[in-house]
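Just so it is clear: chains get the letters A, B, ... in the order the sequence lines come, proteins before strands, and each one is counted from 1. Model, not experiment: these values are computed from the prediction. Below, each value reflects all heavy atoms present in this structure, side chains not excepted, and no hydrogens, waters or symmetry copies.
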Number of protein chains: 2
Amino acid sequence: MAKRAGVSVSTVSNVINGRHAKMGARTLRKVQEAIDELNYTPSAVARQLKSGQIKMLGLVVPSVANPFWGTASQLIEKAALKRGYQVLICNTERDPELEANYFSSLYASSIRGIILGSSPVSFDHLSEHAKNGMIIGAFDRATQGANDIVSCSVSVDQTLGARLATRHLIGLGHKRIGFISGPIGTSSRTARVEGMRSELEKAGLTPDPDLIWVASNATGFGDSHAAELGRTGIRELLTLDEPPTAVFTVNDMYAIGICSGARELGFRVPADLSVVGFDDILMAKVMEPPLTTIRQPVEQMAELMVQKLIDTLEGVEGDGDAHVVLRPELMVRSSTAAPRN
Amino acid sequence: MAKRAGVSVSTVSNVINGRHAKMGARTLRKVQEAIDELNYTPSAVARQLKSGQIKMLGLVVPSVANPFWGTASQLIEKAALKRGYQVLICNTERDPELEANYFSSLYASSIRGIILGSSPVSFDHLSEHAKNGMIIGAFDRATQGANDIVSCSVSVDQTLGARLATRHLIGLGHKRIGFISGPIGTSSRTARVEGMRSELEKAGLTPDPDLIWVASNATGFGDSHAAELGRTGIRELLTLDEPPTAVFTVNDMYAIGICSGARELGFRVPADLSVVGFDDILMAKVMEPPLTTIRQPVEQMAELMVQKLIDTLEGVEGDGDAHVVLRPELMVRSSTAAPRN
DNA sequence: CAGATTCAATAATACGTTACACAAGATATG
DNA sequence: CATATCTTGTGTAACGTATTATTGAATCTG
């Protein structure tokens, strides 16, 4: 306590909070001097205890080691900072137990605003936290009608994205199109398979279940090893009797692994195999070959998410709907081409 | 306060902290029941205020959007969590003002352990914080004798890394070797240029200043756009009258951009241009062509860093030196080859 | 000039914990 | 039986801040 100024606590509190409108010039100067001298900083912890408020958001993601989430985290942090909030990043590696621990820990720290970027298909396990006053925003995943639990959300139309990708491949003349994904644990992944399936049917093609490769949960690979999984998946698909001529996959890291795995087996991209990713991470544009992918407008998503979450957290009447679904965009680059014959 | 149990605060505190050794079974049960019923969670904020301690580390990095830092952050978070610490990630984008703000903010939040992964060459601007009791650990950067400010550090021998890369290229027969880097603002980058220069001289080659491309500070690209910078750099070098036949660069993201930029100009990697990166991010292995690079043992570095920082933070006598410098390793892959003739 | 009003700064309280000293009842000791 | 010892649980003071009510002094009013 800087009552080194020969003045009361309240007075110090007043000057710090800028309530020196009607204060003696002399007292004010004395306080200022004491602050400088001891270079005193008010304790954020004490403030939080007093106010019950804490200007911090929790960000729960699979792993910042995955460039999509790394970029998203950075953008979310930036957007939050602009509104005076800090962001506590939690890497769950899609482990439900870890996720639960994070939530408890965030709750204990009085953090009441959470951006959820990963989670099993259902939100049920979070309903208790929501009841206890946690405000949960879903990022990059549909809310599936759990609007009592999730108060706002920003995502991309996953099904549409999958349709765009599939339509593009069909348009090039592909008939055997594969799909590669990690364990289908999240709704966004589920939606992507479905979108692809329905588009195939619309074109009169029958989806071949053998071409849907889904990593088993047992693999134990977290999101940090997505490329590794893509590599494993494509090796299995390409050694089938009738391998696919194109693959669509759940994110660009998988796509990178797929390209690598295909090359190991002597397949050239796109001559022997077309590949479509999802996300459009920075890398997609500069890799070889530049990746055809479905773009998510991450920057805009980050901005919107933070804005909506903080608005509901602070009880501000936000403009627009609490749940926004943006349109993904097909970025045609060089990893796709017509099949060989 | 859950004195809904009909019992005193102290008693509740006791059971929560596991001091029920000599407690009536009946009282204990009553408290437990009350806890369950209100699903009561002790306030971490109040605890912190009382104890003055907060089990949280600050992690200051250029940007988690850069996969090297994304991976490092994830590993550091994981290591910290094992010891019961949370990690607050701060993306500075190498902006000194932002960095200063982060430090003040961390200080105000009573966070006293900081892992510093980015910073201008000197540590002087941190000396005040160090005096105020902040424990600063340097990650992936030399401490340059500022041991009064930086209490522990984990890094790789930057100069050796640069020498390994240069020696490899010289061994392949290259004589005109370029260097591409962002603004030389950190000691690690400085060391890398120097290592290269000295190895060239050792081989009897004269370093050509025209081949050293350093982004100006004005470019305004943060670390999130490293690949973009590499692309820009290589375009300038390759349009010289006597372009280099090989380049060494400061990190793998630059290398990826370099490969892309070279291809745009019709140069093939490695036939027309050899490229050596730094870091060995996961992507390096799966890109096309697989990247020859200098490997940093990030996992080990993260473990060591967290261990040393928490040890000094808690006043534990750690084993081994407070400052460790690990050996980088040359990973020869396919982005390097002998020059064309 | 006595009483009412304004002004500037302070004292008191609460936020939810933990640590410590202490109280009341039970049991043991001489 | 009086005292000492143990058992089990309680009361209270901090931690550093923000808010509210309150003081004492100075100025105004009729």
Side-chain angles (χ1 to χ4, degrees), chain A residues 1-35 37-56 84 86 104-112 132-134 314, chain B residues 1-35 37-56 84 86 104-112 132-134 314:
Chain A
M1 242 175 267
K3 262 68 45 45
R4 150 61 173 276
V7 95
S8 84
V9 244
S10 332
T11 309
V12 175
S13 173
N14 282 337
V15 1
I16 284 182
N17 296 23
R19 283 188 292 269
H20 43 243
K22 4 190 88 180
M23 238 171 71
R26 220 166 56 85
T27 346
L28 191 120
R29 213 193 31 219
K30 271 200 303 183
V31 176
Q32 291 286 18
E33 275 168 11
I35 288 182
E37 191 177 340
L38 317 171
N39 57 19
Y40 161 85
T41 317
S43 150
V45 177
R47 277 189 175 170
Q48 285 155 20
L49 177 57
K50 176 63 187 167
S51 69
Q53 298 267 321
I54 171 168
K55 291 221 157 193
M56 182 131 78
Q86 297 191 280
S104 306
S105 165
L106 291 170
Y107 184 78
S109 299
S110 308
I111 293 174
R112 290 296 175 271
N132 286 338
M134 276 197 154
E314 295 181 344
Chain B
M1 241 174 268
K3 261 68 44 48
R4 150 63 172 275
V7 95
S8 84
V9 246
S10 330
T11 309
V12 175
S13 173
N14 282 339
V15 0
I16 284 182
N17 296 23
R19 284 187 292 266
H20 43 241
K22 6 189 85 182
M23 239 173 70
R26 220 167 56 85
T27 345
L28 191 119
R29 215 195 28 220
K30 272 200 305 182
V31 176
Q32 291 286 18
E33 277 168 11
I35 288 181
E37 192 177 339
L38 316 170
N39 55 19
Y40 162 85
T41 316
S43 150
V45 177
R47 278 188 174 168
Q48 286 156 19
L49 177 58
K50 177 64 185 163
S51 71
Q53 297 266 322
I54 171 168
K55 291 221 158 192
M56 181 132 77
Q86 298 190 281
S104 307
S105 165
L106 291 169
Y107 183 79
S109 299
S110 308
I111 293 174
R112 289 296 174 270
N132 286 339
M134 277 197 153
E314 295 181 344

Between B/R47 (side chain) and B/G52 (backbone), is there a donor-acceptor pair under 3.5 Å?
no
Between D/dT10 atom C1' and B/K30 atom NZ, what is the distance in whole Å?
13 Å
Any idea which heavy atoms bring A/A46 and B/L49 closest together, and the distance?
CB-CD1, 3.9 Å
Using the test side chain to side chain contact (heavy atoms under 4.5 Å, CB included), find all partners of A/E33 that sit at least two apart in sequence or belong to another chain.
A/R29
Sugar-phosphate only, base, or nothing, as touched by A/S110 at under 4.0 Å among non-hydrogen atoms:
nothing
D/dG11 phosphate, OP1 or OP2: any side-chain N/O from B/S10 under 4.0 angstrom?
no
Atom-to-atom span, CG of A/N14 to C1' of D/dT17 - whole angstrom:
12 Å
Less than 4.0 angstrom between a side-chain N/O of A/T11 and OP1 or OP2 of C/dT10, yes or no?
yes
Those residues at least two apart in sequence (or on a different chain) that pass side chain to side chain contact (heavy atoms under 4.5 Å, CB included) with A/S51 are A/Q53
For B/K55, which residues count as a side chain to side chain contact (heavy atoms under 4.5 Å, CB included) partner, sequence neighbours excluded?
B/Y85, B/E314
Terminal axes of the helix from C/dC1-D/dG30 to C/dG30-D/dC1 (five pairs each): angle between them, nearest 10 degrees
70°
Look at A/N17 and D/dA18 and indicate whether a side-chain polar atom (N or O) is within less than 4.0 Å of OP1 or OP2.
yes
Go through the steps to decide whether A/Q86 and B/S109 satisfy the test side-chain contact (heavy atoms from CB on, under 4.5 Å), and finish with yes or no.
CA-CA 11 Å; A/Q86 297 191 280; B/S109 299; 4.1 Å; yes
For residues 12-26 of chain B, run the donor-acceptor check on the side chains, cut-off 3.5 Å, and write out each pair with its distance to 0.1 Å, sequence neighbours left out.
unit_1	atom_1	unit_2	atom_2	d
B/N14	OD1	B/R19	NE	3.1
B/N14	OD1	B/R19	NH2	3.4
B/N14	ND2	B/S10	O	3.4

For DNA chain D, find the residues of residues 43-53 of chain A with a heavy-atom distance under 4.0 Å and give them by number; none if there aren't any.
A/S43, A/A46, A/R47, A/K50
Using a cut-off of 4.0 Å on non-hydrogen atoms, how would the nucleic acid contact of B/R19 be classed: base, sugar-phosphate, or nothing?
sugar-phosphate
Report yes if at least one side-chain N or O of B/K22 is closer than 4.0 Å to OP1 or OP2 of D/dT7; otherwise report no.
yes
Could you pull out the closest heavy-atom pair between A/V45 and B/Q48, with the gap in Å?
CG1-CB, 3.8 Å
Starting at CD1 of B/I16 and ending at C1' of C/dT18, how long is that distance when rounded to a whole Å?
11 Å
Proximal nucleotide (of D/dT17, D/dG9, C/dA9) relative to the B/M23 side chain
D/dG9
